[in-house]
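These numbers were taken from a predicted model, which means no experiment stands behind them. Naming convention: chains lettered A, B, ... in sequence-line order (proteins, then strands); numbering from 1 in each chain.
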Protein chains: 2
Amino acid sequence: MTNKGQILRLLNYKNLLKHLQTLGFKKVFSDNISDTLEISSSLVRKDFGNFGITGNRKGGYDIDSILAKIDEILGKDEIQKVIVVGTGRIGQALMNYQGFIKEGIQIVAGFDNDFSKVSEGEDIPILHLDKLPEFVKEKNIKIAIMCVPQLVAKHTLDMLANSGVGGVLNFTPIKFQSSNEVTVNNINIVHELENLIYIVNKQKTT
Amino acid sequence: MTNKGQILRLLNYKNLLKHLQTLGFKKVFSDNISDTLEISSSLVRKDFGNFGITGNRKGGYDIDSILAKIDEILGKDEIQKVIVVGTGRIGQALMNYQGFIKEGIQIVAGFDNDFSKVSEGEDIPILHLDKLPEFVKEKNIKIAIMCVPQLVAKHTLDMLANSGVGGVLNFTPIKFQSSNEVTVNNINIVHELENLIYIVNKQKTT
DNA sequence: ATGTTAATGTTAGTTATTTCACATATTTAT
DNA sequence: ATAAATATGTGAAATAACTAACATTAACAT
Ligand SMILES: NC(=O)c1ccc[n+]([C@@H]2O[C@H](COP(=O)([O-])OP(=O)(O)OC[C@H]3O[C@@H](n4cnc5c(N)ncnc54)[C@H](O)[C@@H]3O)[C@@H](O)[C@H]2O)c1
Ligand SMILES: NC(=O)c1ccc[n+]([C@@H]2O[C@H](COP(=O)([O-])OP(=O)(O)OC[C@H]3O[C@@H](n4cnc5c(N)ncnc54)[C@H](O)[C@@H]3O)[C@@H](O)[C@H]2O)c1
């Protein structure tokens, strides 16, 4: 019933609705949403139906209650604690990104094997890798963002899984499969670019 | 015939095959590939068929020729010049990333509206935003990576499109639709994380 | 030479995802 | 009250994506 891209779609609904909310709108129709997101209005209604979001046969949907419901579905009642493993260029960019906290995601620490990167006193401390397993267990961390060099990616993933992390957002170019212990979502920026380049070049020749 | 995720799958094949190549393998069977990527072997064969990659009824596929063919499909004969717009945390991480060039992607310049970020002398210069349109036209830039604050994202995208850029990889949280002039691929890291969190939390309760 | 085996290439079938279409409910107008 | 209008909610239909199955072909063994 609930399918692969549906949560990502729900997040898009959320963004749009929050925007409409700031513009002062109180209610919304399925085809307002579908128009801007370029999907069909029936898909919007079906998604809403699947998640128990309900509207009024004429008056459309109440924005406040959709948003409340989406947050409920996503489990936004508690702040999600996340760690960053590998505090190089991209790891640090993510650690310092201000966009997470307003979505209820808190980066609580970074980890690196390079002692020169360690700085325990900071707002968001960078700790040595050795302290990771204990930290994860003690603070009950479930989610990690992995930004280590690809050579150590497999080893790092195993370590995270063994420490009790249940989900890893993987920025290394190696595509990992999810296992029973750990769900891996891969972001391959190079591939995204190559894909884009392909589309653009293709259009040129058509 | 050619469907949405197919190019991304082709890139995954490429990565795997290059790996096998370094291990000394000369040929490969469709189910070697399908096993590690957790898809069916018939999908591999179908993809190959669609792209004119052909094997031998017994001996499988020749790795070198698949790789050559994939590069041909992707148009890897010439280096792709790419610019980065918005050279903040994530923009600079991308600008300095060493992983692009070996895939034939060259970051040729960054652009920012903050004069204190401008540094024209560097290996990869950071130029002021004002110079972007001219630069894009002169150097025939087709692809841009957009890492500006979300407030200026729409304006920046319009400017890129007007300057002649045909494809934008968008890191801002605003989801843009592609138009006739410009193809936009959106990477929303927050959404990827939220999606992962949802999956992990869901599993816990099941 | 002939049979056996092992892989591709391709068609048919299955599953997943999205859209269509319309009955149903609710508001608004008369 | 009744009718008209309008948007939801939902089963059926369509489309897209993937997999199973197998006929075909090439290599190898006997
Ligand atoms: N920078 C980018 O724009 C970019 C883009 C796409 C993918 N990536 C991928 O992200 C990863 C990180 O890239 P980067 O550019 O930030 O590299 P980087 O070299 O700047 O950072 C890597 C960090 O990992 C640390 N590290 C090394 N071994 C470690 C270990 N065993 N455990 C923990 N930390 C360890 C290093 O000390 C360093 O701080 C790479 O796999 C890269 O391919 C980066
Ligand atoms: N940092 C991350 O980890 C991260 C993660 C996900 C998404 N993003 C998104 O990426 C974008 C950039 O994030 P960041 O953390 O690098 O922010 P940042 O503030 O570090 O960098 C933004 C840069 O854009 C420049 N800029 C401002 N206006 C500009 C304009 N009109 N034209 C060109 N440049 C301009 C600024 O001078 C600055 O250098 C944001 O939209 C953010 O939401 C960032």
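- Side chain A/Lys4 to base C/dT17: no donor-acceptor pair is found below 3.5 Å.
- Rounded to an integer number of Å, the gap from A/Asp47 CG to C/dT19 C1' is 12 Å.
- Protein atom CD1 of B/Ile39 is 21 Å distant from nucleotide atom P of D/dA16, rounded to whole Å.
- Counting to the nearest Å, the C1' atom of D/dA7 and the CD1 atom of A/Ile33 are 13 Å from each other.
- The local environment of CG in B/Asp77 is crowded, with over 12 non-hydrogen atoms from other residues, nucleotides or ligands closer than 6.0 Å.
- Among C/dC22, C/dA7, C/dT19, the nucleotide with an atom closest to any side-chain atom of B/Phe29 is C/dA7.
- Across D/dA17, C/dT11, D/dA20, the shortest atom-to-atom separation from the side chain of B/Ser42 is found for D/dA20.
- Between B/Ser30 and C/dT8 there is a side-chain polar atom (N or O) within less than 4.0 angstrom of OP1 or OP2.
- Here the side chain of B/Glu134 pairs no donor or acceptor atom with the backbone of B/Lys131 at under 3.5 angstrom.
- Contact check of residues 48-71 of chain B against DNA chain D (heavy atom, cut-off under 4.0 Å) returns B/Arg57, B/Lys58.
- A donor-acceptor contact closer than 3.5 angstrom links the side chains of A/Gln21 and A/Asp64.
- Note: CG (B/Asn3) to C1' (C/dA16) measures 13 Å, nearest angstrom.
- Judged by distance alone, with hydrogens and angles left aside, the side-chain atoms of A/Asn32 form no donor-acceptor pair with the main-chain N or O of A/Val28 at under 3.5 Å.
- Nearest-nucleotide assignment on DNA chain C puts the 5′-proximal partner with B/Val28, out of B/Val28 and A/Ser40.
- The number of heavy atoms from other shown groups lying within 6.0 Å of CD (B/Gln177) is above 12.
- When each of B/Asp31 and A/Thr2 is assigned the nucleotide of DNA chain C bearing its nearest heavy atom, the one mapping closer to the 5' terminus is B/Asp31.
- Rounded to whole angstrom, the span from the CZ atom of A/Arg9 across to the P atom of C/dA16 amounts to 15 Å.
- Atoms NZ (A/Lys46) and P (C/dT19) sit 11 Å apart, rounded to a whole Å.
- Regarding A/Asn32, its CG atom lies at a distance of 14 Å from the P atom of D/dT6, rounded to whole Å.
- A/Leu43 places its CG atom 15 Å from the P atom of D/dT10, with the value rounded to the nearest Å.
- Looking at A/Lys14, A/Lys18, A/Lys76 one by one, the single match for salt bridge (Lys or Arg N to Asp or Glu O under 4.0 Å) with A/Asp71 turns out to be A/Lys14.
- For B/Gln92 (side chain) and B/Thr87 (main-chain N/O), a donor-acceptor pair under 3.5 Å exists by modelled atom type.
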